[in-house]
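Residue numbers start at 1 and run along the sequence shown.
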Amino acid sequence: MKFSDFFAASSLLKRDSSQFDRGDVSFIIVAGAMVSFMMPGLAFLYSGLSRRKSALSLIWAVSASNAVCIFQWYLWGYSLAFSPTATNGFIGNLANFGLMNVLDNPSPGSPLIPDLLYSFYQMEFACVTVGILMGGIAERGRVLPAMILTFLWMTLVYCPLACWAWNVNGWGFKWGVLDYAGGGPVEIGSGVAGLAYAWVLGRRQDKELLNFRPHNVAMVNLGTFILWFGWLGFNGGSAFGANLRAVMAIWNSMLAPAFGGIVWCLLDYRLERKYSMVGFCSGSIAGLVAATPASGYIHPWAAVVMGIVTGAVCNYATKMKSLMRIDDALDLFAEHAVGGIIGLLFNGLFASHSIIALDGVNTSVNGGWVDRNWKQLYIQFAYVCATCAYTFVATAIIAKGIDMIPGLHLKTTPEGESVGLDEVEIGEFANDYIEVRRHFTDWSAFGDRMADSVASEMGGLPDLHKDSHRLQLEDPNLEIIEEKNAEVVEESQPTLEER
């Protein structure tokens, strides 16, 4: 190493240690890791909500979209969203292509952390967003076209949305839009885009819609609480430092989903007289979604009100897909889009300057109606309208364009839909099953003779009459075991010499 290189490295280390607090830097590194852990949470949630025959395809889609998003963000995604030299207000430029010149300068989002760390943290936001979007392919969407759509959607939809809200030259940022952690880019982006994607895909076959229910509710619960854990890093880390604003955002990210889950569960109870686990998880996620744009702006009491309102409104919003005749199988619009809209509008009403200033950086930002800033509500409303309209139209155009390319049709065949995407797309399964027989003697490795011997020692067991479709036990007190279209194969048993 040359002396000049050593001097440059020393000055870089000195600059980093003096300009950025290492506690802030460490906190955002951990918060980014927590956000990345939301990806398996999404995968488990979607897998549990789907039928067993398509459960693994959703895990694959979420996992693969994560990889595609990382590549896109490194290539030009970060530059298109956050390059500070772009002044058009709509999308960035390629000044930071391939992370060029992204190192130790203060980040465009906060002076508390370096640019390189900010790019990593925002990348995890983008990964979660496309992971949510993958719920739109549930039980009928092919995964290869979905990956191509992921790359194009990130470039043409997510990057502009992120630029509007968070880039220092974005039109929303300049206008004074209050969007703490992604009500527009993340929640409306994924929820409205999922609705547009499902619209272009078309509905599932009618027989697939009959008696549809999640195949693994335990997986739904596991995914929900992994998401909740990651969301604390998602919202807490958006203060970009280990400060009181981060703690306030974390508190609000506990209160809103707690009340949202309770309200949703109670609304379902009035119909079924059952305490639905899926309902509680759905309400909790809706509360977390609403907390995303609002948790760093509002007081805890407002988070309680927001959780109650979100749980009720998002519950009723699940009926909208029937009115629109769009097969939004996993309710992306009802939970993410509607929840994000509620959070953004609550900022117009309840955002408080005293909460915003807790980070020690944003000390001159006005709140909403509680601070007598009356115009904030219509600013939030206009921003919601712009993000919803642009996201739906742009996503529908991208999806339809990909669908028109030979070999890249978005939807699987009717036969593939009936068999399941795990069979036709993945070739593996989330859950493999084997035939379980009623009596342990049927599992004997020594054949029928040993089974008969064991049975005689036990005083005898009822005989079985076998045909090609049914095993019927002679004892009328025992059940009938149905075998659907299964043929019984009589296997020859090895002799003693062969054994």
Side-chain angles (χ1 to χ4, degrees), residues 6-38 73-74 78-79 81-85 96 99-128 162 165-170 173 178-182 186 229-254 291-300 351-367:
F6 177 81
F7 179 80
S10 300
S11 63
L12 178 63
L13 292 173
K14 182 179 179 181
R15 178 182 180 183
D16 180 63
S17 62
S18 62
Q19 186 172 8
F20 305 111
D21 184 274
R22 293 189 177 183
D24 291 339
V25 171
S26 300
F27 174 67
I28 302 305
I29 291 173
V30 173
M34 291 171 67
V35 176
S36 72
F37 192 51
M38 294 174 71
W73 198 252
Y74 162 75
Y78 178 66
S79 186
F82 292 102
S83 56
T85 56
N96 301 119
L99 295 185
M100 290 189 302
N101 303 315
V102 177
L103 191 59
D104 65 328
N105 290 320
S107 73
S110 173
L112 298 177
I113 60 173
D115 200 4
L116 188 65
L117 177 57
Y118 184 75
S119 64
F120 158 71
Y121 187 68
Q122 287 292 346
M123 178 186 71
E124 295 304 331
F125 277 44
C127 290
V128 170
W166 295 324
N167 191 308
V168 291
N169 292 314
F173 185 89
L178 299 180
D179 190 350
Y180 177 66
V186 178
F229 171 78
W231 231 301
L232 301 182
F234 198 103
N235 292 345
S238 292
F240 302 115
N243 50 56
L244 274 179
R245 192 183 186 193
V247 180
M248 181 63 70
I250 291 172
W251 251 114
N252 290 337
S253 300
M254 299 298 290
T292 299
S295 58
Y297 289 126
I298 63 177
H299 289 277
S352 172
H353 169 75
S354 62
I355 301 298
I356 302 171
L358 288 175
D359 60 5
V361 175
N362 297 286
T363 56
S364 60
V365 178
N366 293 322

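Annotation: the span from Tyr78 atom OH to Leu116 atom CG amounts to 8.5 Å, rounded to 0.5 Å. Atom CE in Met34 sits 14.0 Å away from atom CD1 in Ile29 (nearest 0.5 Å). Between the OG atom in Ser110 and the CG atom in Asn362 there is a gap of 7.5 Å [rounded to 0.5 Å].
Trp166 places none of its side-chain heavy atoms less than 4.5 Å from the side chain of Ser238. Residues Asn243 and Leu358 form no side-chain contact, since every pair of their non-hydrogen atoms from C-beta on lies 4.5 Å or further apart. Looking at heavy atoms from C-beta onward, Gln19 lies out of side-chain contact with Asp104 at the 4.5 angstrom threshold. Residues Asn101 and Asn96 have side chains in contact (heavy-atom distance under 4.5 Å, counting atoms from C-beta outward). A heavy-atom distance below 4.5 Å is found between the side chains of Leu112 and Val361. With a 4.5 Å cut-off on side-chain heavy atoms, Ser364 and His353 do not count as touching. Between Tyr297 and Arg245 there is a side-chain heavy-atom pair separated by less than 4.5 Å. In this structure the side chain of Tyr74 reaches within 4.5 angstrom of the side chain of Leu99, judged on heavy atoms.
For Asp21 (side chain) and Asp24 (main-chain N/O), a donor-acceptor pair under 3.5 Å exists by modelled atom type. Remark: side-chain polar atoms of Tyr118 are not paired, donor with acceptor, to backbone N or O of Pro111 under 3.5 angstrom. Under a 3.5 Å cut-off, the side chain of Trp73 and the backbone N or O of Ser119 do form a donor-acceptor pair. Side-chain atoms of Ser26 never come within 3.5 Å of backbone atoms of Gly23 as a donor-acceptor pair (strictly under, hydrogens ignored). Panel note: side chain Tyr180, backbone Ala291; no donor-acceptor pair is recorded below 3.5 Å. Looking at Asn252, its side chain does come within 3.5 Å of a backbone N or O of Ile298 through a donor-acceptor pair. Within the 3.5 Å criterion, the main-chain N or O of Thr292 finds no donor-acceptor partner in the side chain of Trp231. Looking only at distances, no side-chain donor or acceptor of Asp359 sits under 3.5 Å from a matching main-chain atom of Ala246.
Looking at residues two or more places apart in sequence or on another chain, you find no salt bridge (charged side-chain N to carboxylate O under 4.0 Å, His left out) involving Asp115.
Across all non-hydrogen atoms, the minimal contact from Gly237 to Ile28 is O-CD1, 3.3 Å. Closest approach of Ala81 to Asn167, counting heavy atoms only: O-ND2, 3.0 Å. Across Ala249 and Asn235, no two heavy atoms sit closer than the pair CB-O, 3.6 Å. The two residues Val25 and Pro114 make their nearest non-hydrogen contact at CG2-CD, 4.0 Å. When every heavy atom of Ile355 is checked against every heavy atom of Gly296, the shortest pair comes out as CG2-O, 3.6 Å. Looking at every heavy atom in both residues, Gly32 comes nearest to Glu124 through O-CG, 3.6 Å.
Using cut-offs of 30° and 60° on the angle between ring planes, the pair Phe37 and Phe229 is perpendicular. Ring orientation note: the planes of Phe234 and Phe125 are close to parallel, at an angle under 30° on the 30°/60° scale.
The closest side-chain donor-acceptor pair between Ser354 and Ser352 falls under 3.5 angstrom.
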